[in-house]
Protein chains: 2
Amino acid sequence: MKTREKILLASLALFNDEGEANVTTVDIANELDISPGNLYYHFHGKEEIIEELFSAFELELSDILQAPLQKSLSPQDAWFYLYIVFEQLFKHRYLYRNLNDILQRYPDIDRRFRKLLNLKLQAAEAVAEELVAAGILDTTGTPLSRLCDNVVLNLTFWLNYNSLREKNCADEITIHRGVFHLMSLVAPYLTADFRYFYDECCTLFDVLTKDA
Amino acid sequence: MKTREKILLASLALFNDEGEANVTTVDIANELDISPGNLYYHFHGKEEIIEELFSAFELELSDILQAPLQKSLSPQDAWFYLYIVFEQLFKHRYLYRNLNDILQRYPDIDRRFRKLLNLKLQAAEAVAEELVAAGILDTTGTPLSRLCDNVVLNLTFWLNYNSLREKNCADEITIHRGVFHLMSLVAPYLTADFRYFYDECCTLFDVLTKDA
DNA sequence: GTCTATATTAAGATAGAC
DNA sequence: GTCTATCTTAATATAGAC
């Protein structure tokens, strides 16, 4: 693997583990046993590394979020889809962990992150509309947009909230918990015929998280 | 007003406006037209200022959160109570804006913040139980703790989410929106007799936010 | 491409005069 | 209590040898 690639991978891992603000260019170089000078040969600095990491994240997440807009998701896939989204967010959790800080320091990332947020909203609405059409959800009384707004807020900040509740939570469990937490937001809108589905989720969730 | 007091007030204002990480001891001194040396005479550094600001926040918020645990809140006060909590969080929004960063750098604040989070959960459960007892909420099917968990997550991260959605939102509007957003979480559990209340909230919210 | 050595910068902090 | 002047430290960044 080329040094440039190695720098990106090591940076991502360090940012996720220690928090982006606490990782210096020297830390990254040390992690790879290369000199700081070498790192500066490949990247002009931390800023350029972050921008390149974000670009990769943006590309991958855009693809994921555009899927339900282009081709309608079958209801049984919605559950699986939620895991895909969560895993992508988790892979780049350094971003969500220090969101305001990073967006303030990198105006370009700020602009692009807001675009992604809109895309999240659109994807959530597309999936929700599918579920309503399939008779799985009944949202009469509350506008769909309000529910989706809440889903996106929870998607964006769940990882932060979970690390406040459980300081050392295994990665797998964190993702299960996140998906389940989102399910519970939608649960009150399930039609009577599909209530059993949420109950099954509760049981499954207990099984999945008991291994810990 | 004593210089010490002035430093605390100016720091809080700067932290809220610029983000704690972007404010240096020199910035604070400049804001007050005093020398950095003078600031260091009153405080050992930024750390001590933040710890003192947090202690004040902790004291005030604890009082607010303990109220519904000691004396049951009448249902008509619940709405008003939510405003009190939100305004307190808003006054110290610098903390919520860079939460992970600050908690990582100040282990003592981390410990105490988690305590406050538990207190938030307890207060939410106490209020929710009141509303259930009064026949305003019906939460059969979903455990109350899951709803409260979600309320606390939203309390903690609403300010962040809102500033992602609306970059320059007036303070007043931000708080109205936050309270309304929380209402909409609870709305699906309102009993049929009290549905009208949420509809009234929607109308009121439209009026309150139209002045902007 | 990679290293060592060094320069630059900015924040944090202190000493001593007034 | 407050100021000016100065020191320390850590992070960022570059120059030049190999």
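The chains referred to below are lettered A, B, ... by the order of the sequence lines, with proteins before strands, and numbering in each begins at 1.
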Below the 4.0 Å mark, does D/dT14 have OP1 or OP2 next to a side-chain nitrogen or oxygen of A/Tyr40?
no
What's B/Gly37 touching, base or sugar-phosphate or nothing? Going by heavy atoms closer than 4.0 Å.
base
Would you please indicate yes or no on a ring centroid separation below 6.0 angstrom for B/Phe113 and B/Tyr96?
yes
Spacing of B/Leu32 atom CG relative to D/dG1 atom C1', expressed in whole Å
14 Å
What is the distance from CG of A/Asn38 to P of D/dA17, rounded to the nearest Å?
18 Å
Phosphate contact (D/dT12 OP1 or OP2) by A/His44 side-chain N/O below 4.0 Å:
no
Shortest side-chain distance from B/Lys46, nucleotide among C/dC3, D/dC3, C/dG12:
C/dG12
Tell me the interatomic distance from B/Leu39, atom CG, to C/dT14, atom P, rounded to whole angstroms.
12 Å
Calculate the interatomic distance between A/Arg105 atom CZ and D/dA11 atom P; express it in whole Å.
13 Å
Under 4.0 angstrom between A/Tyr41 side-chain N/O and C/dG1 OP1 or OP2
yes
Report the residue (A/Pro36 or A/Asp27) whose heavy-atom-nearest nucleotide on DNA chain D is the more 5′ of the two.
A/Asp27
Return the value, rounded to whole Å, for the distance between atom CG of A/Asn30 and atom P of D/dT12.
12 Å
Measuring to OP1 and OP2 of C/dA10, would you say a side-chain N or O of B/Thr24 lies under 4.0 angstrom away?
no
Measure the acute angle between the ring planes of B/Trp79 and B/Phe197, then classify it against the limits of 30° and 60° as parallel, tilted or perpendicular.
perpendicular
Nucleotide D/dG1, atom C1' - distance to CE of B/Met1 in whole Å
16 Å
Anything under 30° is parallel, anything over 60° is perpendicular, the rest tilted; go ahead and classify B/Tyr94 against B/Phe15.
tilted
Ranking C/dT4, D/dT12, D/dC3 by distance to the side chain of A/Val26, first place goes to D/dT12
B/Thr25 side chain near C/dA13 phosphate (N/O to OP1/OP2, under 4.0 Å):
no
Near-ring test B/His92/B/Phe54, centroid separation under 6.0 angstrom
no
Nearest to the B/Thr3 side chain among D/dC3, D/dG1, D/dT12, which nucleotide is it?
D/dG1
For a 4.5 angstrom cut-off between non-hydrogen side-chain atoms, does B/Lys167 reach B/Asn162?
no
Measure from CD on A/Glu48 to P on D/dA13 and round the result to the nearest Å.
10 Å
For A/Phe43 and D/dA13, what is the distance between atoms CZ and C1' respectively, to the nearest whole Å?
16 Å
For B/Asn22, answer base if it contacts any base atom (sugar-phosphate contacts may also be present), sugar-phosphate if it contacts only those atoms, and nothing otherwise; contact means non-hydrogen atoms under 4.0 Å.
nothing
Please pick, from D/dA11, C/dG1, D/dT2, the nucleotide with the shortest atom-to-atom distance to any side-chain atom of B/His42.
D/dT2
